[in-house]
Amino acid sequence: QVQLVESGGGLVQPGGSLRLSCAASGSRVSLYLMGWFRQSPGKQRELVASITSNGNTNYAEFVKGRFTIFRDNAKNTVYLQMNSLEPEDTAVYYCHVRFTDYWGQGTQVTVSS
């Protein structure tokens, strides 16, 4: 029932910024533990950041201080603000309702000069 539609990916130079959006329908994102995951070719999907229904956030060590997850309940959208991007951040990024099978379609982020 929950549908997640991601946008905002693209090509950016090292040190640049992108903001990913995850627009939800079918339920309110404020009710759930939401997360952003990423997956590079040939690698397992890994958790990047999460946000609870209370607004508490957690980050993977490799993005701490560079990425911010936040939520706009009026727009029913979860965001991932990515700053100081590095080539190692290149991956497909997925929005996810944690501990469920609800995933977005993924959006490609490529960090390259």
Side-chain angles (χ1 to χ4, degrees):
Q1 185 177 0
V2 177
Q3 295 183 353
L4 307 173
V5 179
E6 300 172 349
S7 61
L11 174 64
V12 65
Q13 293 183 336
S17 298
L18 286 173
R19 179 177 290 182
L20 306 184
S21 299
C22 173
S25 62
S27 190
R28 301 198 301 273
V29 296
S30 61
L31 300 176
Y32 302 103
L33 176 63
M34 304 292 299
W36 285 95
F37 287 70
R38 71 185 187 186
Q39 187 168 21
S40 300
K43 300 180 180 179
Q44 295 190 36
R45 193 169 298 184
E46 60 185 354
L47 177 65
V48 176
S50 63
I51 183 168
T52 72
S53 59
N54 292 327
N56 294 325
T57 58
N58 282 285
Y59 299 93
E61 190 66 30
F62 53 82
V63 303
K64 189 176 296 183
R66 300 188 297 123
F67 292 8
T68 303
I69 185 171
F70 62 100
R71 184 178 65 224
D72 186 334
N73 292 337
K75 297 181 179 179
N76 206 33
T77 299
V78 178
Y79 301 90
L80 184 68
Q81 178 67 47
M82 304 185 295
N83 300 324
S84 302
L85 283 162
E86 305 167 354
E88 293 76 18
D89 296 317
T90 296
V92 178
Y93 284 72
Y94 298 90
C95 184
H96 177 54
V97 181
R98 292 218 62 197
F99 308 110
T100 75
D101 290 329
Y102 295 118
W103 294 88
Q105 81 286 356
T107 184
Q108 177 70 49
V109 172
T110 302
V111 184
S112 176
S113 60

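- Looking at every heavy atom in both residues, Gln81 comes nearest to Arg19 through OE1-NE, 2.7 Å.
- The closest side-chain heavy-atom distance from Leu31 to Ser53 is not below 4.5 Å.
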- Query: Can Thr100 and Val2 be said to form a side-chain contact (heavy atoms from CB on, under 4.5 Å), step by step?
  - Reply: CA-CA 10 Å; Thr100 75; Val2 177; over 6 Å; no
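- Within the structure, the disulfide bond (SG atoms under 2.5 Å apart) test picks out no pair touching residues 44-87 (sequence neighbours left out).
- Shown here for Leu4 and Ala24, the closest heavy-atom pair between the two residues is CD2-CB, 3.7 Å.
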What side-chain donor-acceptor pairs closer than 3.5 Å can you find for residues 54-63, not counting sequence neighbours?
| residue | atom | partner | partner atom | Å |
| --- | --- | --- | --- | --- |
| Tyr59 | OH | Ile69 | N | 3.0 |
| Glu61 | OE1 | Lys64 | NZ | 3.4 |

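- Taking CD of Gln105 as the reference point, atom OG of Ser7 lies at 8.0 Å (rounded to 0.5 Å).
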- Checking side-chain contact (heavy atoms from CB on, under 4.5 Å) for the pair Val78/Trp36: CA distance, chi angles, key distance, verdict? CA-CA 9 Å; Val78 178; Trp36 285 95; 3.7 Å; yes
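- Tyr102 and Tyr32 fall within a single hydrophobic cluster, where Ile, Leu, Val, Met, Phe, Trp and Tyr are joined by side-chain heavy atoms under 4.5 Å apart, directly or via other members.
- Summarising the geometry, atom OG belonging to Ser112 is positioned 12.0 Å from atom CG belonging to Leu85; distances are rounded to the nearest 0.5 Å.
- In the hydrophobic clustering of ILVMFWY residues, with side-chain heavy atoms under 4.5 Å counting as a link, Leu80 and Val12 come out together.
- Considering CE of Met82 and CZ of Arg66, their distance stands at 9.5 Å, rounded to 0.5 Å.
- Under the 4.5 Å side-chain heavy-atom criterion for ILVMFWY residues, no single connected hydrophobic cluster contains both Tyr94 and Ile51.
- In this pair, Tyr93 and Phe67 present their aromatic rings tilted. The plane angle is within the 30 to 60° band.
- Note that SG of Cys22 is 4.5 Å distant from CE of Met34, once rounded to the nearest 0.5 Å.
- In this structure, the separation between OG1 on Thr77 and CG on Leu20 is 12.5 Å, given to the nearest 0.5 Å.
- Checking side-chain atoms of Asn76 against main-chain N and O of Val29 turns up a donor-acceptor pair under 3.5 Å.
- Using a distance-only test at 3.5 Å, with no hydrogens or angles considered, no donor-acceptor pair links the side chain of Arg98 to the main chain of Thr52.
- The environment of CD in Gln3 is sparse: at most 12 heavy-atom neighbours from other residues, nucleotides or ligands sit within 6.0 Å.
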- Could you please spell out the steps behind the side-chain contact (heavy atoms from CB on, under 4.5 Å) verdict for Ser17 and Asn83? CA-CA 4 Å; Ser17 298; Asn83 300 324; 2.8 Å; yes
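- Counting only distance, with no hydrogens or angles, the side chain of Ser40 and the backbone of Thr90 share a donor-acceptor pair below 3.5 Å.
- Taken to the nearest 0.5 Å, the OG atom of Ser113 stands 9.5 Å off from the CG atom of Leu11.
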- Derivation of the ring-ring contact (aromatic ring centres under 6.0 Å, His included) call for Tyr79 and Phe70: CA-CA 5 Å; Tyr79 301 90; Phe70 62 100; 4.9 Å; yes
- Task: Check step by step if side-chain contact (heavy atoms from CB on, under 4.5 Å) holds for Ser30 and Arg71.
- Result: CA-CA 8 Å; Ser30 61; Arg71 184 178 65 224; 4.2 Å; yes
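- A parallel orientation is assigned to the rings of Trp103 and His96, their planes being inclined by less than 30° (bins at 30° and 60°).
- Applying the 6.0 Å contact sphere to CZ of Arg28 captures no more than 12 heavy atoms from other residues, nucleotides or ligands.
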